[in-house]
Structure formats: C-alpha cells, structure tokens
2 protein chains.
Amino acid sequence: MNVDDRKATATVNQHLAASGLRRTPQRQQVYKALVAHPDHPTAEQLFLRIKQTTPKISLATVYNCLDALIACGLVRQVAVDRGAARFCANMDEHFHFHCESCNSITDMPLKGAALARKLGLPRGFQARRLDMTVHGTCRTCSARVRA
Amino acid sequence: MNVDDRKATATVNQHLAASGLRRTPQRQQVYKALVAHPDHPTAEQLFLRIKQTTPKISLATVYNCLDALIACGLVRQVAVDRGAARFCANMDEHFHFHCESCNSITDMPLKGAALARKLGLPRGFQARRLDMTVHGTCRTCSARVRA
DNA sequence: CTAGGTGCAAAAGGTTTGCGGTTAA
DNA sequence: TTAACCGCAAACCTTTTGCACCTAG
C-alpha cells in the first residue's frame, strides 16, 4: 500500500467514523478507486475496476458504498442529462465541464462561482450545494474536429 | 384555444420548422403542457397531464417530442442526482434551485452566472451550455421546518 | 407519395431492494 | 453479541427500441 492509498484510507476512516458509519474494506476500496482515477466514472465503471483486485465485490455494494461516501461528505455525484450518475471525489469547490462529444467530465477551478452562490437567492431559500456544469466541447475534441 | 396557447403553438411551429422538424399536434401539446405548468415535471408527469385531454398519447411519444423540442432549442432538461430527468421550457438564462426536501425545482434569475460562463475556461474548451443547480431547502420547506 | 412521426409493447439500461450470511465495533 | 454491512438475485423505474400504422409536407 503506497502513500496515496494510506492517505485515502485514513481519510475514509476518519469521515466514516465522524458520520457514525462503519469503516469497511469495500468503502475504502471504492474511495481509493475514485481517487486513483478522477475521471468521474459511473458506478458500473467503478465496479469493474474494483473487481479486478476484489473479484467478490458486487455492484449493489458499490452503490451502497458510494451513498455512504456521499453521506459522510467525501463524494458527490454528477448528473448529466439522462445518463448514468457519475461520481467525483474532489470536494474542493469547482464546477464540471461536460464534453458532449466524448462524454468526459473535467473538473474546473472555481473562480467566482462562490460568488454565484450568494447571487440573489431570495430570502427563505437555503443553499447547501451548488452544481454547476458547463456543457460543450473539451480541448481534445475541439482539436480533433479542427484537424 | 386562448392567447397563451396560440402563442405557444406559434413558437413551437416556428422553432420546429427552423430545425427541419415536422410540426405535429403531439409536439405542440407537450410544449404547451410544459409552458402551462412550469414546475419542471418529469416525462411521466407530463404524459399523465397530457393524457387527460389526449388519451391516446404514449409515453414514448412524450420522450420523442421532448427530444425534438430540445433539438430545436425550446426545452432543456434538468438532471438531479439519480432521479428521473426533468424538463424546463424557460430558455432565459437562469439557474435552478433544487429543494432537497420537497424535490421542487425553482427557476432563479441569473445575476452573474453569465459571468461564471466566462470564468477561466482553459483555451480549447468551448462552452455551449451551462447547467447550474443550487441544492438546498426552498422557502416553503424552510418555513415548514421552522414552524 | 413518402420520410418522418406516432402508439404500443417489449427490451434495455440503471438503481434499489430483500434476504441469508458476514463482520466491525 | 449484534446492528450494520455485504453479495447475490430479483424487482423496479426510467428510457429506448422495433415495428406496423399514420400523416405532414
């Protein structure tokens, strides 16, 4: 287990405990897989990856673990149109760039969306979470089309 | 047919024609139903509403019509976590407030998200569409909890 | 006339649930 | 010890597809 793995495991354990959830190898695995490949995978993609090292894990467990990780504030999900939910372990404030060509999702540094959060929410509305997704064409796909 | 209906029908016909799509009663119905109740319904809710006046319409047709309306720029869809897609006929720039308590979606005037659109997208990325959703508790639900 | 659309039913995802067995605390 | 969690399979919900019929242009 390398340094990143150790750190991820420590993070999971700490957050799960803080939320009164059990720390299980599966939850640690799911989190580590998500941190290792921050490409916003679907639950099934995550499942397939984890199965390579832990063949006995089930897809339902991946969903359950993801929900536990969301509950303890380590993971957020990204909804794109009618597609499968995608997951993100970057909890820094950022928004997502969704490429309509290759379907990739790229984290984008925030720069002022924090500002957007405070922008004119009428009194009574309480903001807890901001999802901002820009849809368009990513750099790779832009380049490919032009070529 | 009242003034709003007439106007909505004219809008649909115009946009469909401009995109080379046929104007059909079903597409007009779906658009009118969406404009009449701007509560961001799911495809099925829309289907149930339309069925009251047009009992023969099918759910598949509602999906098809929605896709046609999206294609011609009259409708956008709003994805929320793992729930069913919801639809919005307000094409003015705005963001969505999703209430995690009652699951309602409220249109919010933009104020500066246009700014967010230009915020630091690295060169090569082309923005075509911005989805911004604030999740939290709406006014009604905030009031109910406090009471 | 005929390409594009509709309605129906069946299939295909994606996600959740029920349950018997396992395990973290 | 035991409530929480896992793995499996079945169920569920949402969305798409195939096909025969219909209709707008």
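The chains referred to below are lettered A, B, ... by the order of the sequence lines, with proteins before strands, and numbering in each begins at 1. Scope of the values below: all heavy atoms of this structure, side chains included, with no hydrogens, waters or symmetry mates.
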Nearest-0.5 Å distance that lies between atom CG in B:Asn90 and atom NE2 in B:His40: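 The distance works out to 7.0 Å.
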Quick check for you: among D:dG7, D:dT15, C:dC8, whose closest atom lies nearest to any side-chain atom of B:Ala85?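 My answer, after comparing the listed nucleotides, is D:dT15.
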Nearest listed nucleotide, side chain of A:Cys65, among D:dC6, D:dT15, C:dT16: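 Nearest listed nucleotide: D:dC6.
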Kindly write out the residues that satisfy side chain to side chain contact (heavy atoms under 4.5 Å, CB included) with A:Thr42, not counting sequence neighbours, or none if the list is empty.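 Partners of A:Thr42 under the side chain to side chain contact (heavy atoms under 4.5 Å, CB included) test: A:Glu44, A:Gln45, A:Ala84, A:Arg86.
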Mind checking side chain to side chain contact (heavy atoms under 4.5 Å, CB included) for A:Asp4 and listing every partner two or more places apart, or none if nothing turns up?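 In terms of side chain to side chain contact (heavy atoms under 4.5 Å, CB included), with neighbours along the sequence ignored, A:Asp4 is linked to A:Asn2.
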Are the side chain of B:Arg82 and the backbone N or O of A:Gln77 linked by a donor-acceptor pair below 3.5 Å?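 The answer is no, because no donor-acceptor pair under 3.5 Å joins these two groups.
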Is [X] side chain donor-acceptor paired with the [N] base, going by distance under 3.5 Å alone?
X	N	value
A:Arg23	C:dA25	no
A:Arg22	C:dA25	no
A:Arg82	D:dT16	no

To the nearest Å, give me how far apart CD (B:Gln77) and P (D:dT16) are.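 Taking atom P of D:dT16 as the reference, CD of B:Gln77 is at 8 Å.
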If each of A:Leu21 and B:Lys56 is mapped to the nucleotide of DNA chain C with the nearest heavy atom, which maps nearer the 5' terminus, i.e. the 5' end?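 Looking at the nearest nucleotide for each, B:Lys56 comes out on the 5' side.
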Measuring to OP1 and OP2 of C:dG5, would you say a side-chain N or O of B:Thr61 lies under 4.0 angstrom away?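 So the side-chain polar atoms of B:Thr61 never come under 4.0 Å of the phosphate oxygens OP1 or OP2 of C:dG5.
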